[in-house]
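Computed from a predicted structure; not experimentally measured. Counting begins at 1 with the first residue of the sequence.
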Amino acid sequence: MKRVLGTAAAIVALTIGLLPSFASATAAEPSVSDVRISGGPASAMDSKPVSIDARIYLPATVPAPAVVLAHGFGGSKESVDEQALSLRDAGFVVLAYSARGFGKTFGSISMNSPQFEVADARALIDYLAKRAEVTQDATNDPRVGFAGGSYGGAISLLVAGYDARVDAVSSDITWNDMQQTLFAQNATRLGATADVKRDTGVFKQMWASYFFSVGMATPPNLINPCGRFSLEWCRAYQEGVTTGQLSEQSQALMFASSPASIAERITAPTLIMAGQADSLFPLSEGSKTFEQIAAAHPATPLKLVWHAAGHDGGVNESERLQGFTMTWFKKYLLRENISTGPVFEATLASGTIVSNNNRNQLKFFTSDVFAGVAGTSTNKIKLTGKAQNIVAPAGGQPALMTVLPGLGGSIASLVARSFPNQSAYFESAPFSATTPLLGSSHITLRVTPTQSLPELVLFTSLRITNGEQTQRFPNGLVAPLRITNVVAGQPIDVSVQLPAVVAEISPGERLQLVVSTTDAAYRLPITPSMYTIELVDGQLSTPIMGVTKISNSSSPLTTIYTAIAVIGAVVLLLWLRRPRRRPAIYRADLAEVPLQVENLVKEFKGGHRAVDDISWSVPTGVVLGLLGPNGAGKTTTMRMAMGLIAPTSGAVFVYGHQVQPGSPALSRIGALVEGAGFLPHLTGRENLELFWKASGRTTEDPQLDAVLAMADLGTAVDRKVRTYSQGMRQRLGIAQAMLGMPDLLMLDEPTNGLDPPQIRAMRAMVQEYAATGRTVIVSSHLLSEVEQTCSHVIVMHRGRLVTSGRVDELLAGRSNVRLEDFFLEVVGDDLTIGRS
């Protein structure tokens, strides 16, 4: 009987062992740790795996679904740390990693090649399949999502196409077809034979050069013409720069690294986000990926967001977009029963220039379907304008400038003015009603060259004008077109797809079509030429989408009621969340001690301890140097000492009084931390007087004359601050800190922006101030200056106190050792910013 039971037990155990692991949830402290993971082959000639530098974030409760975070081009695993912590706190295991060629992951950059970067991403899934903390859906099948933007957005899509184990994807501002992205072609030649119907596009030289320069960084002894790029990708770039074209080999290379090559294989729920302020990867790229997945797998959950940000800046919607990603993963990884919202959303950002300052003007278009950038139907708008002759200048110069990497849409409306005779203009009648312009419009043009040429390059764009010489140029976006082997006097008809935009035309405004011969962002022909541009039928086809507009507009009465309700809610919230100030603690034994720090701790969200249980005291009448590498916790400590932020635990005492927000003891502190802010249209003196009045101490003497004498600003104090150099602003900031001659002066990096004579004057000023019996604390990286200025030092590293004492005592018995040598000795060589 025992043998039978034993056999049965063994069978049960074996059966359980063959099933996926569904371990019971366990709770622990959230953690973050760096790991190395073996990836794909180092190169086509070296099968040795690349060692991937990664970081794993474990939530409080495991096992849990995993999210892999990929970074943008030029970034590393540190670039996504904030998002990783947020996802971890929401209950996900998060794996962030540095792609090959970036951070501490070595190997050549192959632009998300299936053979290399995709192989690396699949190896990450293999790694997660072996982690007990990760939910496993089957053997070697962890529940995992991929997310990233730009370079990281492409790898997220590619790995989902190559590995069916991916359960959800969130991809932002990335490409669909790399060749179309970097060699943009927005025209189809009408009436041509199939072999010449569509020419290769115009090389996006400025953006390509920018990214190539990012990948050129190598150690000095390894400098080479290709930097960190693989030879194949280096060759493709060189082809584009030198010829403006690509070999078949390079075309195949680009397509293999494009989501378009595998979109039909993606079956995981996929969130695709694309940026309007993006001249690199415009809205059409993400939209094509959406359409390709939807066509191949209609049942796959998809969502498309056209937000107002992008590679050119635009409106910062990062919180909203991370919210979309969080909801998407909660729905499809945590399996929560929540809504991910409409299938399609587009942000409408008001204003001529898109910036971070108009988030409150955002409105949104939404729809439960997305039919493509051309819409479900079109509206025909009549454009008028006679045939016009335009000139392509020799060498393509001077050239119209519409974008700069990272700034494109923000400068377009300011600098995108055509040079004489380089542009043709066609215009609509004024609109009679508010009309959305959502998606990509089409127009048919006739181009007649005056001479035979190997290539013809033009740029088309839409502007919104009010007829009074002011216009809106949606994100500075242009549609390039290139036609090869043109014959003098022979008209060429082309159907042009204009950039996809999100805009709104107000009553009285007109649409203007601009056709130009130059754009500084692209590779231009060097041969001077002239073309005649005319409309074929004058019909601009604008897309119609069945969308609902979510507007912030309302009636004045509703606005008043809403404002009253909001104000009431804010007042109630402030009252409920008002600081409950603890009873003030006074320590008579510290009445003569300027600053006493006791067991001070500051822990930020995510468990990062910027200050970790430090205690020290500052004597009266000294200049004390607060030292430490970047990230040591110096500024955080100073901010707690001034009551700007509250400690997690511990206390700070100023002359015996415990520091709390609004504590009267703070009036005895003067401070310059992280720079001072001044009104540029006022003089230095007026700024100081205004600051003193704002402090509420109008009955006290600011001792302005004594302060100005020590700051030694001379006649500059009566000049407008806008005329000040950085050094003068710094001295004015210190003068502001000294107003009223406080007993304790705290200066964070006071020598920033000062030249050697000014630094010497600063040293004398600080020492003169301490000679009056007052105390000065200086945080600085200039150790030689600290050695000459300070009598005492405190050294911090990674939030902890390393050592403290008098400078002469710390250096006693050490021949030929300066403070810098002592500092490096006690801190060591671990100077990396961030977590240890």
Test side-chain hydrogen bond (donor to acceptor under 3.5 Å, both in side chains) on Ser150 and His311 and set out the steps. CA-CA 8 Å; Ser150 191; His311 284 87; 2.7 Å; yes
Begin from the C-alpha positions of Arg165 and Asp141 and carry the test salt bridge (Lys or Arg N to Asp or Glu O under 4.0 Å) through to its verdict. CA-CA 6 Å; Arg165 293 177 296 176; Asp141 183 7; 5.5 Å; no
Out of the candidates Asp493, Leu458, Val536, Leu535, only one should pair with Leu445 under the side chain to side chain contact (heavy atoms under 4.5 Å, CB included) rule; please name it. Leu535
Is the shortest heavy-atom distance from the side chain of Thr347 to the side chain of Val315 under 4.5 Å? no
Name all residues meeting the salt bridge (Lys or Arg N to Asp or Glu O under 4.0 Å) criterion together with Glu291; count only those two or more places apart in sequence or in a different chain, and write none if there are none. none
Taking the cut-offs as 6.0 angstrom to the six-membered ring centre and 45 degrees off its axis, would you call Lys303 and Phe324 a cation-pi pair? yes
Can you check whether Ile155 reaches Asp120 side chain to side chain, under 4.5 Å on heavy atoms? no
Steps toward salt bridge (Lys or Arg N to Asp or Glu O under 4.0 Å) verdict (Arg143, Asp137): CA-CA 6 Å; Arg143 190 179 303 168; Asp137 289 329; 3.0 Å; yes
Results of side-chain contact (heavy atoms from CB on, under 4.5 Å) for Gln539 - residues two or more places apart only: Lys380, Lys382, Asp537
Regarding Arg463 and the six-membered ring of Phe473, is the cationic atom NZ or CZ under 6.0 Å from the ring centre and inside 45° of its axis? yes
With a 4.5 Å limit on heavy-atom distance, are the side chains of Val159 and Tyr162 in contact? no
Tell me, do Leu437 and Glu504 make a side-chain contact under 4.5 Å, heavy atoms counted? no
Distance (rounded to the nearest 0.5 Å) between Ser441 OG and Leu511 CG: 7.0 Å
When you compare the side chain of Met254 with that of Leu246, does any pair of heavy atoms fall below 4.5 Å? yes
How long is the straight-line distance from NZ of Lys331 back to CG of Asn337, given to the nearest 0.5 Å? 5.5 Å
Under the criterion ring-ring contact (aromatic ring centres under 6.0 Å, His included), I'd like the reasoning laid out for Tyr332 against Trp328: C-alpha separation, chi angles, the key distance, then a yes or no. CA-CA 6 Å; Tyr332 296 107; Trp328 197 258; 4.9 Å; yes
Here's a test for you: under side chain to side chain donor-acceptor pair (under 3.5 Å), which of Thr327, Thr270, Thr325 qualifies with Ser170? Thr325
Asn176 and side chain to side chain donor-acceptor pair (under 3.5 Å): which partner among Lys288, Gln292, Glu285? Gln292
Taking the side chain as everything from C-beta on, heavy atoms only, tell me whether Ser113 gets closer than 4.5 Å to Ser257. yes
Is any side-chain heavy atom of Phe364 closer than 4.5 Å to one of Val547? no
Suppose we screen for side-chain contact (heavy atoms from CB on, under 4.5 Å). Which residues come up paired with Glu336, at least two apart in sequence or across chains? Lys330, Leu334, Ile338
List for me each residue that meets ring pair (Phe, Tyr, Trp, His ring centres under 6.0 Å) alongside Phe344, sequence neighbours excluded, and say none if there are none. Trp306, Phe370
Pairwise side-chain contact, Gln276 with His307, heavy-atom cut-off 4.5 Å (strictly under): no
Tell me whether the rings of Phe92 and Phe329 are parallel (<30°), tilted (30 to 60°) or perpendicular (>60°). perpendicular
Excluding sequence neighbours, so at least two apart, what forms ring pair (Phe, Tyr, Trp, His ring centres under 6.0 Å) with Phe459? Tyr522
With sequence neighbours left out, write down each residue that passes ring pair (Phe, Tyr, Trp, His ring centres under 6.0 Å) with Phe211, or none if nothing qualifies. Phe73, Trp207
